[in-house]
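The next block holds one structure in the form of structure tokens; read it before the comments.
In what follows, chains are A, B, ... by sequence order, proteins preceding strands, each numbered from 1.
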There are 2 protein chains.
Amino acid sequence: MPVSDLTTSAQDYLKLIWSATEWSSEPITIGAMAERLGVTPSTVSDGIRKLAKQGLVEHAPYRSIELTPTGREHAVTMVRRHRLLETFLVETLNYRWDEVHDEAEVLEHAVSDTLIDKIDTLLGHPTRDPHGDPIPAADGTPHRPAAGPLAATEPGTNVTITRISDANPDMLRYFAELGLKPDTRLTVLGQRPYADLTNIRIEENGHEIDLGSAAAEAIWVVAA
Amino acid sequence: MPVSDLTTSAQDYLKLIWSATEWSSEPITIGAMAERLGVTPSTVSDGIRKLAKQGLVEHAPYRSIELTPTGREHAVTMVRRHRLLETFLVETLNYRWDEVHDEAEVLEHAVSDTLIDKIDTLLGHPTRDPHGDPIPAADGTPHRPAAGPLAATEPGTNVTITRISDANPDMLRYFAELGLKPDTRLTVLGQRPYADLTNIRIEENGHEIDLGSAAAEAIWVVAA
DNA sequence: CATAAATGTTAGACTAGCCAAACAAACATG
DNA sequence: CATGTTTGTTTGGCTAGTCTAACATTTATG
Ligand SMILES: [Mn+2]
Ligand SMILES: [Mn+2]
Ligand SMILES: [Mn+2]
Ligand SMILES: [Mn+2]
């Protein structure tokens with residue numbers, strides 16, 4: 001069964017389950033899915049039950065949610081669509097990197113495999129999206145850079161931004177204003193755990209700023 | 001209410017009603033809509049009743065279907081989306097003109113106004129789609145070339161193809177093979193009404209061919 | 001470790017799209 | 001112009017997604 005036979009919401013569910021384990025490895029909860037998708041937990045609970053019946057996820061009531069191999073395949077297809085579309089919107093249509101997420105969230109369900117292939121060809125088989133996230137290859141192989149959240153980086157370290165979570169468009173706009181984007185170089189000046197603040201210097205412009213924990217968790221870095 | 005608040009099928013209904021009157025002026029029937037959309041008449045009948053309740057069409061049971069001003073506005077928006085997307089797929093993504101209809105049929109419901117504007121700008125505000133159909137301007141003004149179906153053209157006339165109906169992708173592929181596309185020049189050699197055949201010569205390659213009535217109704221021409 | 005809080009599930013209701021079957025109206029024609 | 005055919009409508013039933021409210025299970029904590 002091709003991914004296009006799944007309903008739009010099934011496609012979003014699978015993509016979200018996969019995305020949750022892309023960087024952490026903690027399986028996602030019903031509640032977190034509901035929060036992220038903007039629906040109630042009962043809706044998600046029911047939706048997951050249906051995916052389990054279709055053999056796309058492993059799930060017993062009140063237990064964890066895991067993708068089956070088939071489910072993972074479809075999830076990766078959707079992630080690939082999403083990230084290629086974001087890249088296309090920035091490269092070809094002059095979108096800013098902080099504007100593309102919502103547009104891609106809808107388009108990903110409407111494009112054909114042919115269109116995705118044409119975009120991939122036109123862009124020269126890109127490997128990272130505008131947020132720095134890896135674009136899975138057509139065969140589904142992911143590549144995970146050795147990165148960690150800015151919030152967990154030792155003070156005094158020089159780092160480069162690898163990726164910025166595209167979950168929150170408002171946050172992306174804020175980062176764009178500050179000059180924070182993939183490949184920006186930073187120095188972590190300090191971590192204040194009780195205040196939940198990370199103090200950084202942006203090497204490009206010398207600005208020193210404090211980021212709250214939501215922001216410092218959304219930005220992933222590697223040692224420069 | 002923006003057009004994006006309408007359901008996908010409501011968008012298709014309005015677009016189809018408008019398209020039916022673009023060239024003829026005969027209002028479309030429930031049966032013709034059902035046929036064209038691949039659903040049963042009962043489905044369309046019910047759908048039209050709902051559009052009437054929303055003030056988008058004028059329709060009393062068993063009577064004709066007419067767009068209200070609001071309905072027409074939304075319809076033209078959808079036609080514009082469809083034709084700009086088709087043009088974009090051909091110009092930017094190397095689709096052939098006989099491949100784009102089905103892709104646009106789905107994408108038209110997923111794109112934002114912003115995306116349509118960006119495409120329009122990138123393409124330099126095109127006025128005709130790959131099938132020769134006029135692209136309504138953003139303000140909704142249509143422009144209708146003085147064209148008529150090939151089937152109704154006097155034998156002996158030299159003509160240029162203005163548009164080719166994109167309703168049937170198989171037929172488009174057939175035309176593409178023959179070398180028939182918008183702006184192709186033809187001579188009508190004869191009309192055989194009882195056999196429902198139109199005999200033409202394609203000036204580009206000198207080929208003489210017979211077209212059945214479905215084909216000769218789908219091709220619209222102007223005197224050269 | 002008993003109980004309260006948090007988390008997840010189920011039941012029932014609503015909307016939307018679709019179909020088949022039964023029905024109603026309009027139209028065509030003898 | 002009466003009747004039969006064609007066309008359109010209504011009804012009832014199905015799926016899918018969503019919600020709220022009631023309920024069940026798990027987890028945290030005193
Ligand atoms: Mn989505
Ligand atoms: Mn992204
Ligand atoms: Mn459509
Ligand atoms: Mn077209």
>> Within residues 5-13 of chain A, which residues have any heavy atom lying less than 4.0 Å from an atom of DNA chain C?
In response: none

> What is the minimum heavy-atom distance between A:Phe88 and B:Leu93, and which atoms define it?
Replying inline: CZ-CD1, 4.1 Å

> In chain order, what residues pass the side-chain contact (heavy atoms from CB on, under 4.5 Å) check against B:Asp46, with sequence neighbours excluded?
Replying inline: B:Arg49, B:Lys50

>> Parallel, tilted or perpendicular, judged at 30° and 60°: which one describes the rings of A:His131 and A:His101?
In response: perpendicular

>> Please encode protein proximity along nucleotides 2-10 of chain C as a string of B, S and -, counting only heavy-atom distances under 4.0 Å.
In response: ------BBB

> In chain order, what residues pass the salt bridge (charged side-chain N to carboxylate O under 4.0 Å, His left out) check against B:Glu108, with sequence neighbours excluded?
Replying inline: B:Lys15

> How far apart are the closest heavy atoms of B:Arg80 and B:Pro136, and which atoms are they?
Replying inline: NH1-O, 3.2 Å

>> So for atom CD, which belongs to B:Glu35, do other residues, nucleotides or ligands contribute more than 12 heavy atoms lying within a distance under 6.0 Å?
In response: no

> Atom CD of B:Gln54 to atom C1' of C:dA16: distance rounded to whole Å?
Replying inline: 11 Å

>> Closer than 4.0 angstrom, basic N to acidic O: yes or no for A:Glu22 and A:Arg83?
In response: yes

> Within the pair B:Lys50 and C:dG17, is there a side-chain N or O less than 4.0 Å away from OP1 or OP2?
Replying inline: yes

> Nucleotide range of DNA chain D contacted by chain B, 5' to 3', under 4.0 Å to a heavy atom?
Replying inline: D:dG8 to D:dT10

> When you check the gap from the basic side-chain N to the acidic O, do A:Asp120 and A:Arg81 get nearer than 4.0 Å?
Replying inline: no

> Can you name the residues that form a ring pair (Phe, Tyr, Trp, His ring centres under 6.0 Å) with A:His74, not counting sequence neighbours?
Replying inline: none

> Could you give the CD-to-C1' distance, from B:Glu35 to C:dC18, as a whole number of Å?
Replying inline: 17 Å

> Centre of A:Tyr95's six-membered ring, under 6.0 Å away, within 45 degrees of the axis: is that where NZ or CZ of B:Lys118 sits?
Replying inline: yes

